[in-house]
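Proteins get letters first, then strands, A, B, ... in listed order; numbering begins at 1 in each.
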Amino acid sequence: MPESLSPRISELARADGGREADYLAGLNPEQRRAVEATEGPVLVLAGAGTGKTRVLTTRLAHILATGRARPWELLAVTFTNKAAREMRERITNIIGPQAEGLRWTGTFHSIAAQILRRHAELVGLKSSYTILDPDDVERLLKQLIEAANIDAKRWTPRALAGHIDNWKNRGWSPERLPPSEGGHFAEGKGAILYAAYQERLKVLNACDFGDLLLHNITLFQKHPDVLADYHRRFRYILVDEYQDTNVAQYLWLRLLAQSHGNVCCVGDDDQSIYGWRGAEVDNILRFERDFPGATVVKLERNYRSTANILGAASGLIAANKGRLGKTLWTELPGGEKVRVTGVWDGEAESRVIADAIEDAHRKGRPYRDVAILVRASFQMRAFEERFILLQLPYVVVGGPRFFERAEIRDAIAYMRLVQSEDDDLAFERIINTPKRGIGDTSVSKILAIARGNGVSASLAARGLANTDELPARTRTALATFLRDMDRWRGQVETLQHARLLETILEESGYTDALRLDKTPTAQTRLENLKELVQSMGAFDTLSSFLEHVALVMDLENRGAAEDSVQIMTLHSAKGLEFPLVFLPGWEEGVFPSQRSVDEKGEKGLEEERRLAYVGITRAREEARISFAANRMVYGRWTTQLPSRFVDELPLANVDAASETGYYGAGPGLKEAASRWDEAPTFGGGYTSPGWRRGQQTMAGRDPGFRQRDVIEGKGKLVATSDPKAESTYTKGGRVFHQKFGYGVIRLVEGNKLTVSFDKAGEKKVIDTFVERV
DNA sequence: TTCTTCACGCTTTTT
DNA sequence: GCGTGAAGAA
């Protein structure tokens, strides 16, 4: 046992010799196998809720406790900062303060960035390189696209950024880009633009996120001595969420693991939901081929969900092909069945869910135990509106990141430009922010000169400020700006950087401009800036702060403690769990997303199904799925069919309830529907086959019938499902304008259609005609 | 240079 | 439905 290790670890190690070490107590046999298989390649297939993080952290503790490695000899990689933070915390709980020595615990990108800082010169960068965020990247690409005389409207910088990111994820530098790939952009100019972009980055001494890994790979491949050093350094490698690794990450890992092969990858092929950003489920599927002699451990005992929730999720995911296959089981009781509810439209859905939440809350369930998991963010609005109306506390998790907000990026651009004068992207961003009379024409002039002379924009601006090429007013504005910049630069040493930022924001007129701004967001922006200044205090140097900003895009524990319902996308719910989970919007085209299926076919559909699986398995006690017959998408009404996933749920674990009555599409729910006492919903294109509305036949899912259509009786409009519907009609020569109610349309008996309105508290029932054919 | 208007487009998201 | 970004007007 090396002396430098903490007494705590030695103690654990001794315990290991005699009795079972206490950190191993309570592990089930599978988990224990995963912890103790220390040598050689190991794949841990950890199903949802099987105690993955526990195994992961215990395994690290075990390696340390048994003296196999010291903390700084462990490389532990995660995808998100949050996961890295959690891992570090939990290891600290086991081994105590010695966890400080875990220098190499972090995200792929943060570790790659550290390695790159040490060897930047070997790949043609300076160690002071800046990491560009996606916004910088897009602006840079836009310049390149325009410089190449390509129509930037048809071939957007965003699309090119997407392609380049994709290429980098697959480990393709410009030289290695397969010729067919370049054709995806601007009739084959993609490859040239990619190469030009990489050239520009080198000149700017900058990297994008993908470069961090790509440069690492180049570095390892071209400098075996450097790689050998890291082989000695990292004796054990551990990777979390392996199913989400892309090719570049895989190559990086394989290079680092190739000498000793002590690599342990933990993941779940059924939870691979990031294919669209380069994740290769194949990485986990072919692990045993890539790492011969690998030990494979399956964690199949679930500690999180009731048997019904687990059954529903397992039944659904069974429809996917090409799985490694796991059989999750639990000793928890059956619990509530997963409830599937059909509703009239998105508004009804939010109403039903909000009511259910209030009900649960009355019965003692805290709001924070409830989550609403949506496929796409446009679904969130209906819930927000309803919750605001009811004053039901909620938080939207995810959403625009703090560091992506315009005011924050402006402030950071000021700091970046203070830090290094030749950060042209920062220069461009703030040269006329706040507006100081230096317009587009002047800026282009500066940039053109900079480009022509191969100097930085700041330097070019200095030159221009001394000539009479610019109008006098612009010239003074520019001179003032440059003088201010110099003054602030002079204060870097003397002033604390948080204080410096405050000074800059005041003196540049940025805060003044915001104070004068009467838009409602201006106040929040000012507060955000205050928060930024505060958060800067935690960093010793300006450069360490800027590095943090680039790699850690979220601000820790903001608004975490409040008791509110959590609304988030399914993607951001991965890794979380809640007692009560609502899964709204299970409609074909919404979930599974139409685009996913269109673009990726069967593969895309399977990923959507995994997303559904992730959704259900977030629930501990209760999962409630819902779908609407009609939905407003981007301001347009659309008729919806229930998701095929609804029909794939095993009936044994599902309870079909209905607000409005529902006639299901697939065999599963059809059977369930036959048991309902309520008659099927009438309305939308979503109705029972064989019913006729007025003279118009509505066979099954007649696409011609839309939400905005109205039900007419005796020549008069009596009901519509459009909440904002109004109609104008003429009676005795006078024109009447009438607003109509909005409600649940329900078929009661014979040919009478009942429409009940509950708008504005008013309940009204209208009978009208419907013929049965 | 800045203000105004109109067209467009728009899953998921981490670093 | 709404925010963005580009083109035209003041």
* Asked: Taking 4.0 angstrom as the limit, do A/E648 and A/R644 come out as a salt bridge?
  -> no

* Asked: Going by ring centres under 5.5 Å and near-parallel planes (under 30°), is A/F108 stacked on B/dT15?
  -> no

* Asked: Picking from C/dG1, B/dT15, B/dT1, which would you name as closest to the side chain of A/P134?
  -> B/dT15

* To do: Verify the contact: side-chain N or O of A/K168 to OP1 or OP2 of B/dT15, cut-off strictly under 4.0 Å; return yes or no.
  => no

* Starting at the 5' end of DNA chain B and moving along, which residue's nearest nucleotide shows up first, A/I273 or A/T107? -> A/I273

* Which atom names give the shortest non-hydrogen contact between A/Q271 and A/D244, and what distance separates them? -> O-OD1, 4.3 Å

* Asked: If only side-chain N and O atoms of A/S377 are considered, is one of them under 4.0 Å from the OP1 or OP2 phosphate oxygen of B/dT11?
  -> no

* Structure fact -> Relative to its sugar, using the 90° cut-off around 0, the base of B/dT12 is anti

* Asked: Side chain of A/A376: nearest nucleotide among B/dT1, B/dT11, B/dT13?
  -> B/dT11

* Asked: Under the side chain to side chain contact (heavy atoms under 4.5 Å, CB included) criterion, do A/Y274 and A/K574 qualify, and how do the steps go?
  -> CA-CA 11 Å; A/Y274 284 106; A/K574 195 166 79 160; 4.2 Å; yes

* Do NZ/NE/NH1/NH2 and the carboxylate oxygens of A/D512 and A/R515 come within less than 4.0 Å? -> yes

* Please state whether the base of B/dT11 and the side chain of A/R375 form at least one donor-acceptor pair under 3.5 Å? => no

* Electrostatic pair A/D136:A/R416 at N-O distance under 4.0 angstrom -> yes

* Has A/N81 got a side-chain N or O lying under 4.0 Å from the OP1 or OP2 atom of B/dT14? -> no

* Side chain of A/W276 only, please: which of B/dT13, B/dT11, B/dC3 is the nearest? => B/dT13

* Can you find a side chain N or O atom of A/T569 that sits less than 4.0 Å from OP1 or OP2 on B/dT11? -> no

* Asked: Among the nucleotides B/dT12, B/dT1, C/dA6, which one has an atom lying closest to any side-chain atom of A/T441?
  -> B/dT1

* Starting at atom CD of A/E241, determine the distance to atom C1' of B/dT15, rounded to an integer number of angstrom. => 15 Å

* To do: Measure from the side chain of A/S442, starting at C-beta and using heavy atoms only, and say which of B/dT1, B/dT15, C/dA6 lies closest.
  => B/dT1

* To do: Counting heavy atoms from C-beta on, name the nucleotide in B/dT11, B/dT15, B/dT12 closest to the side chain of A/H571.
  => B/dT12

